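Encoded as structure tokens, the structure appears first; notes follow it.
Owing to the predicted nature of the structure, the values given are computational and were not obtained by experimental measurement. The sequence lines fix the lettering, A, B, ..., with proteins before strands; numbering per chain opens at 1.
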Amino acid sequence: MPDSFAAALIPWYRAHARDLPWRRGEYLERYGPWGVLVSEFMLQQTPVNRVIPHLEAWLTRWPDPLALAAASPAEVLQQWANLGYPRRALWLHGAAIAIRDEHGGRTPREVAALLALPGIGDYTARAVAVFAFGDRHPVVDTNTRRVIARAVHGVAQPAPPARRDLDDMLTLLPDDPADAAIVNAATMELGATVCTARTPDCARCPLSGLCAWRAVGFPESEDRRRRQAKYEGSDRQARGGVLRALRHADGHRLPAETVLPDWPDPAQRDRAIDSLIADGLLEASQGELMLPR
DNA sequence: TAGTCGTGGTC
DNA sequence: TGACCAAGACT
């Protein structure tokens with residue numbers, strides 16, 4: 001299985017991979033491993049097409065870790081704009097500061113060192129080590145887990161994320177690091193464009209000949225996915241609205257009562273503000289709110 | 001381990 | 001139209 005998996009995916013990837021900014025030679029030459037790290041931060045739980053314009057603007061403003069480390073949290077949150085999960089912006093900023101202070105301004109190559117940076121977990125650490133430095137590690141994201149669930153385990157949906165996923169992927173990697181990097185990228189790419197969550201396009205899949213799920217007739221597996229909580233009226237929506245108002249204030253303070261004045265549940269709005277302050281996403285003084293300095 | 005954390009596009 | 005989904009990490 002490992003050899004045939006790689007043998008099917010590598011030529012497919014060379015022929016069909018999307019032309020994404022962080023895969024272009026000029027991008028890697030200009031921004032180096034830092035460019036890969038920034039792209040992976042933005043791609044956490046955020047679709048490719050929403051990331052691209054933000055990524056280019058971000059790296060134009062802050063092309064390296066030292067530049068970002070010198071910025072203020074308020075500037076960082078403003079530039080992050082509506083990408084979502086704004087804590088990622090603070091973590092990326094913190095990673096830049098740690099790279100400046102603990103790594104001489106150079107993005108570390110070792111997985112353990114990358115894991116020690118804020119906002120970097122199993123996926124992002126290995127993605128940087130593999131795609132920026134060419135080292136051989138298993139890179140496992142949600143697409144990878146779905147492809148392995150189907151092609152290898154013969155089930156429609158992956159089990160909840162577990163450390164075993166890394167071992168599963170490692171089994172599929174060729175010995176050569178460059179080939180292994182392609183297989184990592186190709187597995188993600190296949191999951192993103194062909195072996196998708198809702199409507200897999202098996203007719204165009206390079207793995208159809210060896211797919212365990214296809215071999216057993218595409219059975220539906222028990223749906224153990226967690227239902228996503230409703231966004232409308234949620235605390236998350238309230239937090240998002242508060243931060244949006246502060247971003248639009250363009251660096252100025254706002255009297256607290258002027259932020260989301262028409263929110264249906266004032267107590268929920270106040271809880272949102274408190275939780276944003278607790279998370280370091282907001283500051284309050286003398287009844288006024290502002291982005292953290 | 002399970003809950004929480006934004007936002008917008010898709011079907 | 002509303003539920004699902006998205007290159008996850010942290011607690």
Side-chain angles (χ1 to χ4, degrees), chain A residues 13 17-18 20-23 35-55 77 80-92 94-95 114-132 137-148 156-166 169 181 184-193 195-200 223-247 260 271-272 274-276 278-282:
Chain A
Y13 184 78
R18 292 167 293 176
L20 301 174
W22 45 90
R23 292 175 177 166
V36 174
L37 189 154
V38 174
S39 73
E40 296 296 350
F41 259 91
M42 290 190 175
L43 287 163
Q44 291 170 2
Q45 291 287 285
T46 304
V48 163
N49 288 333
R50 279 184 57 205
V51 163
I52 290 173
H54 288 282
L55 176 65
L77 288 169
W80 194 258
N82 63 338
L83 262 177
Y85 291 127
R87 284 188 291 194
R88 288 183 296 168
L90 295 186
W91 288 334
L92 176 55
L114 290 160
L115 283 171
L117 298 173
I120 294 191
D122 285 332
Y123 166 76
T124 305
R126 289 169 180 79
V128 172
V130 170
F131 302 135
H137 302 282
V139 181
V140 176
D141 76 335
T142 185
N143 294 304
T144 301
R145 292 191 301 103
R146 185 172 55 251
V147 169
I148 290 177
Q157 305 289 345
R163 291 207 64 85
R164 199 197 72 238
D165 301 335
L166 292 175
M169 189 61 197
N184 275 311
T187 306
M188 291 167 47
E189 184 76 358
L190 187 73
T193 62
C195 192
T196 55
R198 295 185 192 179
T199 55
D223 195 344
R224 41 166 88 90
R225 289 170 297 181
R226 266 180 307 159
R227 290 172 67 93
Q228 197 168 40
K230 195 164 98 173
Y231 186 63
E232 188 69 24
S234 66
D235 288 0
R236 301 165 81 168
Q237 187 187 32
R239 286 166 55 103
V242 170
L243 269 195
R244 181 189 305 272
L246 268 295
R247 288 198 308 269
L260 259 52
R271 281 201 313 276
D274 289 342
S275 71
L276 287 169
D279 289 343
L281 290 162
L282 202 59

Round to the nearest Å and state the distance from [X] atom [atom1] to [N] atom [atom2].
{"X": "E40(A)", "N": "dG8(C)", "atom1": "CD", "atom2": "C1'", "value": "11 Å"}
{"X": "H54(A)", "N": "dA7(C)", "atom1": "NE2", "atom2": "C1'", "value": "16 Å"}
{"X": "L55(A)", "N": "dA7(C)", "atom1": "CG", "atom2": "P", "value": "15 Å"}
{"X": "R163(A)", "N": "dG8(C)", "atom1": "CZ", "atom2": "P", "value": "17 Å"}
{"X": "Y85(A)", "N": "dA7(C)", "atom1": "OH", "atom2": "P", "value": "13 Å"}
{"X": "L115(A)", "N": "dA9(C)", "atom1": "CG", "atom2": "P", "value": "9 Å"}
{"X": "Q45(A)", "N": "dC4(C)", "atom1": "CD", "atom2": "P", "value": "15 Å"}

Classify [X] by what it touches in the nucleic acid, base, sugar-phosphate, or nothing, heavy-atom distance under 4.0 Å.
{"X": "W22(A)", "answer": "base"}
{"X": "L281(A)", "answer": "nothing"}
{"X": "P86(A)", "answer": "sugar-phosphate"}
{"X": "T144(A)", "answer": "nothing"}
{"X": "R244(A)", "answer": "sugar-phosphate"}

Between [M] and [N] - [atom1] atom distance, rounded Å:
{"N": "dC5(C)", "M": "dG6(B)", "atom1": "C1'", "result": "14 Å"}
{"N": "dG3(B)", "M": "dC4(C)", "atom1": "P", "result": "15 Å"}
{"N": "dT10(B)", "M": "dA7(C)", "atom1": "P", "result": "13 Å"}

Chain A contact limits on DNA chain B, taken 5' to 3' with a cut-off of 4.0 angstrom to heavy atoms: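 Result: dG3(B) to dC11(B).
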Contacts of [X] that satisfy salt bridge (charged side-chain N to carboxylate O under 4.0 Å, His left out) - sequence neighbours left out:
{"X": "R163(A)", "result": "D122(A)"}
{"X": "R23(A)", "result": "E189(A)"}
{"X": "R227(A)", "result": "none"}
{"X": "D274(A)", "result": "none"}

N or O in side chain of Q44(A) less than 4.0 angstrom from dG8(C) OP1/OP2: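 For dG8(C), neither OP1 nor OP2 has a side-chain N or O of Q44(A) closer than 4.0 Å.
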Non-neighbouring partners of [X] that pass side-chain hydrogen bond (donor to acceptor under 3.5 Å, both in side chains), sequence neighbours left out:
{"X": "R145(A)", "result": "none"}
{"X": "R247(A)", "result": "none"}
{"X": "T144(A)", "result": "D141(A)"}
{"X": "H137(A)", "result": "none"}

Minimum-distance nucleotide (side-chain atoms of L43(A) versus dA7(C), dA6(C), dA3(C)): dA7(C)
Closest listed nucleotide, where the reference is the side chain of W91(A) and the choices are dA3(C), dC10(C), dA7(C): dC10(C)
Stretch residues 228-243 of chain A: residues that reach within less than 4.0 Å of DNA chain B through a heavy atom: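 Residues of residues 228-243 of chain A that come under 4.0 Å of DNA chain B are, in numerical order, Y231(A), R236(A), R239(A), G240(A).
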Donor on one side chain, acceptor on other, Y123(A) and E40(A), under 3.5 Å: yes
From CA spacing to verdict: side-chain contact (heavy atoms from CB on, under 4.5 Å), L282(A), L243(A): CA-CA 8 Å; L282(A) 202 59; L243(A) 269 195; 4.3 Å; yes
Given DNA chain B, 5'-ward residue of the pair A81(A) and P161(A), judged by closest heavy atom: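 Nearest-nucleotide comparison on DNA chain B picks P161(A).
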Residue met sooner reading DNA chain B from 5', once D279(A) and N82(A) are mapped to nucleotides: D279(A)
Residues that A272(A) engages under side chain to side chain contact (heavy atoms under 4.5 Å, CB included), provided they are two or more places apart: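 For A272(A), the residues satisfying side chain to side chain contact (heavy atoms under 4.5 Å, CB included) (neighbours in sequence not counted) are A238(A), R239(A).
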Any side-chain heavy-atom pair of H54(A) and T46(A) under 4.5 Å: no
Residue pair F41(A), I120(A): steps toward the side-chain contact (heavy atoms from CB on, under 4.5 Å) verdict: CA-CA 8 Å; F41(A) 259 91; I120(A) 294 191; 3.7 Å; yes
Polar side-chain contact R198(A)-dC4(C) base: donor and acceptor under 3.5 Å: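 Answer is yes: a donor-acceptor pair is held.
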Within residues 117-132 of chain A: residues closer than 4.0 Å to DNA chain C (heavy atoms): P118(A), G119(A), I120(A), G121(A), D122(A), Y123(A), T124(A)
